[in-house]
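Below: the structure, in structure tokens.
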Amino acid sequence: MKLPVCGEEQVIMEAIRNNTVVVICGETGSGKTTQVPQFLYEAGWSHPDSDNPGLIAITQPRRVAAVSMAKRVGYELNLPESVVSHQIRYDVTTSEKTRIKFMTDGVLLRELSQDLLLTKYSVIIIDEAHERNLNTDILIGVVSRVLKLRAELSREDRAKIKPLRVVIMSATLRVSDFTENSTLFTKPPPVISVNARQYPVSIHFNKRTPEDHVAEAFKKVSKIHDRLPEGGILIFLTGQNEIQHLCKLLREKYPSLPPKAALEERKRIRQAAELELKRDAAIPGEESDSDDSDSDLGFDEEELVSTKDGKWEYIYKCEYGKFTYTISYAAPLHVLPLYSSLPTEAQLRVFQPPPEGTRLCVIATNVAETSVTIPGIRYVVDCGKAKERRYDIKTGVQSFEVDWTSKASAGQRAGRAGRTGPGHCYRLYSSAVFDHDFEQFSTPEISRMPIEGVVLNMKSMGIDNVVNFPFPTPPERQTLSKAEKLLGYLGAIDTDVKHITPVGQAMANLPVTPRFAKMLVIGNQQDCLPFVIAIVAALSTEIAKARRRLMRKKYFESQIKHAGLDRSSDILKLLNVVGAYEYAGATAEFCEENFLRSKAMEEIRKLRWQLTNLMAALFENVDVWVDPKMLPPTKRQIKFLKQVITAGFIDSVAIRKDVIENGGQGGTRFKNARGVAYKLMWSEEEAFIHPGSILYSQEPPIALVYNELFKGATKTCFKGVTAIDTKWLPEIGKEFCSFGRPLDHPIPKYSEQTKDKKTVYVVPSFGPKGWPLPPIQVEMHRKGTRWVISA
DNA sequence: AGGGTTTTTT
């Protein structure tokens, strides 16, 4: 069967020849991702002697897609992976022979900071642009500038520099953010639409919108399974809990294994039918219509046509003809959960055909909307909602909220039913809700996330005035200035002219968020860098595993074990976990016993290697290697590590409310952190140490830094707490500190000889709210008629 | 004793 995109080859190639930018719209199944690179290749692009000798690049938002697409195209062109190659974070197959290169968009962004002209490439194909991921959006913005640069340079010396072409591919027609954005492309690029090889999907809305979409999904799936012909069911819910719950309900109602007797009865009926048909077929003159070209696919197949009162009617097709029979047991449901934190093996089960005589039923989150395509789905049940991470840019408070998806998302979900044949989508909400409460499109990621990493990356590419950057959807001014402020605190950019500093340039070379990059850059002291690397690697990864309620006690025991001797930091606890995991031989069993996601632990391992190699390559004085049997840090090192952590989170300090209200001193004595309120730098709200923190069961510290701030159902909690000493703040957090007048008590001490120096106690105040901190001793010297604090 | 998380990536 020919892919729809192949019919458009002429149109596409002509458009790419005549325009620097082309937009191609085609839903999943149109074949654009695999075919467009091949069109270019076969037209001679990327050939060293051609007019477009540079590589053909295709970017993908996800690693798996980059790898599998490269394999697929290599197979179709019958070329080795040294020619059709891929590059993702930890895996490269490129060679000097490479002509087509699939990669994640993050990889190309990183390459851009080394070579702003993308000289290696002749075409950049940006795939899945409709998803509006952060990296994809930034890439489109940067590439639009590269285009202009390359065009100018090529006009000066065509022999040396060839112009660049860009192809933006999208599964939906939401492309106006790219095409009608004159800061991005002065002349609107042509849009080519490609039909998808997609079967029709009938949409069925609920009359009423139920409160409980899990219960409603259960009813709907039961109905589908009891009454409708065979075909897999895919259910979209919002989170793990809902999924596990519905799994349980459905497995109870439709046990996964059919009665053995029923299976045997079925086999007997089929064999008898086949024999009878064979006899009939042997009668001469009864030829079957052989020019029905599809019939060769239809043989030896069975179709469930109806069910009634527990009786199932099947049509059985074999080599000799068709036969209808009924059997009296409900086909079991093969119920599988699917969400991203599920171990890989469990995820792969959805790709295997369900056991014979059962119906596949996958209950999934958003993963099944974009990242994973499940074969054999004919029915989609869509609750219409999605869980989203929200981020309050002013306060830094994150939360998870369940809300309606967009019309575009609902369309994507429905489309999953039409991949292998005509399908049905059951929406568990009314059409009125769909019309009135659903946004047309989901909010692009850039409008929902902190972007200090993006801003630092731009600065390192020489883009100082980020406001003028051609974002497909510009982030809010406030988001940008917040990012610049944080980069200022971290010392990555100059606070006046907002230009990148040497430290910032070093940070930009590290593939982690700027806070973590800062920790790495300052962490090379007292033999601590390997610890800092392990900490940063662990913080960059979602490490904890979802736990069952029953395991609660054991979980807390393991947490205490991991905290080791120092119980004042959740982040240092992470360090211990990483060490213990490696020490135990990095096994899956260790992860299982210790409530860790083995996928995450493997990622941490690879990240430690990458960061270690990078640090050694970037800094002359760094002598570091990965030591799996890393010894725990000493007391002195622990103190230093906490200071490093403080520096990375200097804008995320919290102080106990009672201490602030008491002028920075004393405060109440508490046995544990339960109900003990902390004040936040950027919010009037109070926050609490999470009961899951290692610090919860101890006397709560006066001051702490936190990795994240989460708004739960009842209150706002810190995640990843480290107790700090307020004495560090005037040093590490200079820009947030000021000092009051010297105190009369304890009495100032003057230097013996000259009397132009004195040692005094002052009350420092910290942060935008000027919190009073416990008094510290400082040295002052006389400057003219005034006393000033010595540096 | 104690709360609750979707999804990606350099």
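Just so it is clear: chains get the letters A, B, ... in the order the sequence lines come, proteins before strands, and each one is counted from 1. Given the structure is predicted, the values throughout are model-derived calculations rather than measurements.
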Regarding [X], tell me which of base, sugar-phosphate or nothing describes its non-hydrogen contacts under 4.0 Å with the strands shown.
X        : value
A/Thr370 : nothing
A/Tyr339 : sugar-phosphate
A/Ala713 : sugar-phosphate

Are A/Arg62 and A/Glu131 ion-paired here, with the side-chain N under 4.0 Å from a carboxylate O?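 Salt bridge present between A/Arg62 and A/Glu131.
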Given that A/Arg674 and A/Gln610 both sit by DNA chain B, which one's nearest nucleotide is further toward the 5' end?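 Here A/Arg674 is the residue nearer the 5' end.
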Of A/Ser540 and A/Gly239, whose nearest nucleotide on DNA chain B comes first from the 5' end?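 Upstream on the strand: A/Gly239.
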Base of B/dT9, side chain of A/Arg62 - is there a donor-acceptor contact under 3.5 Å?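 When only heavy-atom distances are counted, A/Arg62 does not reach the base of B/dT9 through any donor-acceptor pair under 3.5 Å.
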Could you check which of [options] has an atom nearest any side-chain atom of [X]?
X        : options             : answer
A/Lys387 : B/dT5, B/dT8, B/dA1 : B/dT5
A/Asn135 : B/dG4, B/dT9, B/dA1 : B/dT9
A/Lys719 : B/dT7, B/dG2, B/dT5 : B/dT5
A/Ser340 : B/dT9, B/dA1, B/dT7 : B/dT7
A/Val367 : B/dT8, B/dA1, B/dG4 : B/dT8
A/Ser371 : B/dT7, B/dA1, B/dT9 : B/dT7
A/Thr365 : B/dT7, B/dT9, B/dT5 : B/dT7

Can you list the residues that meet the salt bridge (charged side-chain N to carboxylate O under 4.0 Å, His left out) rule with A/Asp403, with sequence neighbours excluded?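 If we apply the salt bridge (charged side-chain N to carboxylate O under 4.0 Å, His left out) test to A/Asp403, skipping adjacent residues, the hits are A/Arg390.
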Residues in ring-ring contact (aromatic ring centres under 6.0 Å, His included) contact with [X], at least two apart in sequence or another chain:
X        : value
A/Phe471 : A/Phe469
A/Phe516 : none
A/Phe178 : none
A/Phe438 : A/Trp404, A/Tyr429, A/Phe434

Specify the separation, in whole Å, of atom [atom1] of [X] and atom [atom2] of [N].
X        : N     : atom1 : atom2 : result
A/Glu603 : B/dT9 : CD    : P     : 8 Å
A/Leu109 : B/dT8 : CG    : C1'   : 14 Å
A/Tyr696 : B/dG3 : OH    : C1'   : 9 Å
A/Leu342 : B/dT7 : CG    : C1'   : 14 Å
A/Lys671 : B/dA1 : NZ    : P     : 11 Å
A/Asn241 : B/dG3 : CG    : C1'   : 12 Å
A/Glu452 : B/dT9 : CD    : P     : 19 Å
A/Arg110 : B/dT8 : CZ    : P     : 21 Å

With distance as the sole criterion, is a donor-acceptor pair present between the side chains of A/Ser460 and A/Ser113 under 3.5 Å?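 No donor-acceptor contact under 3.5 Å links the two side chains.
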A/Thr473 and A/Arg132: side chain donor to acceptor below 3.5 Å: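 Yes, a side-chain donor-acceptor pair sits under 3.5 Å.
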Determine: side-chain N/O of A/Thr104 to OP1/OP2 of B/dT9, distance under 4.0 Å, yes or no.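 For B/dT9, OP1/OP2 do not have a side-chain N/O of A/Thr104 under 4.0 Å.
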Let's see if you get this right: which residues in residues 86-94 of chain A place a heavy atom under 4.0 Å from DNA chain B?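 Output list: A/Ile88, A/Arg89.
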